[in-house]
There are 2 protein chains.
Amino acid sequence: MDEARHFQTFVYERLARLASAVAHPRRLELVDLLCQGPMTVEQLAQKSGMPFASASQHLQHLRMARLVEGERQGSYVCYRLVDDAVTCDLLAALQRAAARYDAEVRAAAQGFLQHYRDVESVDLATLRERMRQEPLLLIDVRPAEEYAAGHWPGAWSLPLEDLANRLAELPRDRAIAAYCRGPYCVLAVHAVNFLRQQGFRAFRLIEGVGEWRSRGEMIAVGDEIRQT
Amino acid sequence: MDEARHFQTFVYERLARLASAVAHPRRLELVDLLCQGPMTVEQLAQKSGMPFASASQHLQHLRMARLVEGERQGSYVCYRLVDDAVTCDLLAALQRAAARYDAEVRAAAQGFLQHYRDVESVDLATLRERMRQEPLLLIDVRPAEEYAAGHWPGAWSLPLEDLANRLAELPRDRAIAAYCRGPYCVLAVHAVNFLRQQGFRAFRLIEGVGEWRSRGEMIAVGDEIRQT
DNA sequence: CAACGAATCAATTGGGCAATTGAATGATTG
DNA sequence: CAATCATTCAATTGCCCAATTGATTCGTTG
């Protein structure tokens with residue numbers, strides 16, 4: 001009976017340890033980036049803008065918690081999530097909770113989007129609804145290597161940085177839906193804002209690849225379509 | 001552009017703050033208990049076996065994070081989750097992640113269950129399958145007040161502590177399924193073990209009320225059946 | 001109004017975690 | 001084999017958080 005108590009406190013301790021692993025802004029950002037696909041320490045440090053040694057140490061921390069694993073490839077070390085679906089799910093649950101509980105997050109998001117009044121945001125269900133009514137073009141505005149690591153089936157890769165140079169490829173007779181890493185990623189917002197300034201019909205999909213993974217949606221990798 | 005970076009780091013900070021709120025064994029236990037229903041500080045301190053002032057302070061912490069709210073009722077303060085579904089979902093995601101990543105948790109769970117070899121554990125899907133094949137009796141072995149705050153529609157309330165005195169009420173021609181607070185709660189394990197020793201056909205349902213809430217299952221409260 | 005009980009506050013202590021820096025490892029390239 | 005680059009390790013500092021204790025607030029009851 002007493003042993004039951006020990007078991008419970010042990011489980012709570014381990015759960016807390018796991019939660020602590022992601023209870024840090026930098027590590028959250030790293031995990032969020034890794035939800036997009038495997039990356040080297042260099043890429044992670046650069047994309048998150050944090051010092052090099054810092055990134056490495058936080059990755060060690062995450063590795064201790066078995067959330068990520070690193071594999072040496074040549075002179076680089078490539079990190080990946082041990083389990084995409086479970087981790088993306090955890091992150092998504094955290095984001096849902098924050099959106100529900102944290103008024104400041106909602107306020108910040110609203111404040112941010114107010115600078116881009118013309119940017120319409122829709123969720124996955126609404127997007128599917130619209131796709132039934134008219135043909136859409138879906139573009140993935142994340143960096144090319146993240147697209148390569150997994151993307152929406154049928155979406156084009158059109159990284160935000162290349163967008164201005166590749167406008168000629170885009171159709172003007174169809175509406176364009178842009179997505180990126182998730183609800184708090186700014187890539188798609190910028191893309192849609194720019195496209196609308198250029199006279200395109202465009203809107204933003206709120207969810208990103210992480211959310212789809214957590215929901216078990218289909219993901220395309222190269223030629224094949226998988227379910228994670 | 002720079003402002004976008006600020007927005008992102010701000011969001012990560014807030015997410016980390018929220019995660020920190022549950023990244024503590026005691027607070028996790030409190031939240032887990034509150035997933036069963038509203039409780040006073042006294043009840044929470046007693047059930048978790050932690051000092052009184054400690055419980056109060058941790059509850060303050062959770063209240064800062066807007067996860068819980070307290071309401072004065074007479075000389076007692078009753079705490080409840082601000083949003084059952086979202087919080088239970090977060091907790092469930094954390095438990096799934098731990099079950100996936102933490103070998104020690106799995107080992108501990110297995111080690112614990114080995115003392116109760118005869119206790120069969122089934123998940124929700126399997127239970128529904130069996131219910132189609134034969135009539136079952138579903139019993140809720142949590143304390144009566146947790147049953148009152150929300151339970152499986154059609155289940156009987158039969159707290160573990162009363163079980164030995166109320167064996168006469170149970171049928172011997174039907175199998176009995178017992179559930180409690182969740183996968184890491186020990187009440188149902190003890191109940192099933194005891195019932196089998198007494199010659200009943202009994203097994204344990206792994207999921208608890210928290211998991212159902214997170215999945216949007218129906219919950220009965222008094223006479224009405226709700227969806228959370 | 002006094003006494004009691006529930007809950008919170010205040011203040012101290014100790015321990016652990018994060019940022020930073022510089023050095024060390026380990027693989028690749030010329 | 002030396003040089004270079006990516007990554008990790010080690011060690012320092014400072015800071016925040018948790019546990020504990022005792023005092024305080026607030027409502028209820030006699």
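Reminder, nothing fancy here: chain letters follow the sequence lines and each chain counts from 1.
Atom pair F52(B):CZ and dT24(D):P shows a separation of 19 Å (rounding to whole Å applied). Atom CD in Q60(B) sits roughly 7 Å away from atom C1' in dT8(C) (whole-Å rounding). When the C1' atom of dA6(D) is taken as reference, atom CE of M39(A) falls 17 Å away, rounded to whole Å. The distance between atom CG of L28(B) and atom C1' of dA18(D), rounded to the nearest whole Å, is 15 Å. Taking atom OH of residue Y76(B) and atom C1' of nucleotide dT8(C), one finds them 16 Å apart after rounding to whole Å. Separating the CD atom of E71(B) from the C1' atom of dC26(D) is a distance of 16 Å, rounded to the nearest angstrom. In this entry the distance linking CG of L44(A) with C1' of dT7(D) reads 13 Å, nearest Å.
No hydrogens or angles considered: nothing links the side chains of R5(A) and Q8(A) as a donor-acceptor pair under 3.5 Å. Side-chain polar atoms of E146(B) and H151(B) form no donor-acceptor pair below 3.5 angstrom.
Checked options L81(A), V82(A), T87(A); the residue passing with D84(A) is L81(A) (criterion: side chain to side chain contact (heavy atoms under 4.5 Å, CB included)).
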Treating primed atoms plus P, OP1 and OP2 as sugar-phosphate and everything else as base, which nucleotides of nucleotides 14-30 of chain C get B, S or - for protein heavy atoms under 4.0 Å? ----SSBB-----SS--
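Sorted by first and then second residue, the ring pair (Phe, Tyr, Trp, His ring centres under 6.0 Å) pairs involving residues 55-89 of chain A (not counting sequence neighbours) are H24(A)-H58(A).
Every residue two or more places apart in sequence or in another chain was checked for a ring-ring contact (aromatic ring centres under 6.0 Å, His included) with Y184(A), and none qualifies. With sequence neighbours left out, the ring-ring contact (aromatic ring centres under 6.0 Å, His included) criterion links F7(A) to F112(B). Every residue two or more places apart in sequence or in another chain that forms a side-chain contact (heavy atoms from CB on, under 4.5 Å) with E71(B) is listed here: Q73(B), R80(B).
The side chain of Y79(A) places an N or O atom within less than 4.0 Å of a non-bridging phosphate oxygen (OP1 or OP2) of dT8(D). Applying the 4.0 Å criterion to OP1 and OP2 of dT7(D), one finds that S56(A) has every side-chain N and O outside that range.
Remark: aromatic rings of Y179(A) and W212(A) are close, center separation under 6.0 Å.
For the helix from dC1(C)-dG30(D) to dG30(C)-dC1(D), the terminal axes (five pairs an end, C1' atoms, rotation from four pairs onto the next four) enclose an angle of 20°, given to 10 degrees.
Taking CG of D32(A) as the start and NZ of K47(A) as the end, the distance is 11.5 Å to the nearest 0.5 Å.
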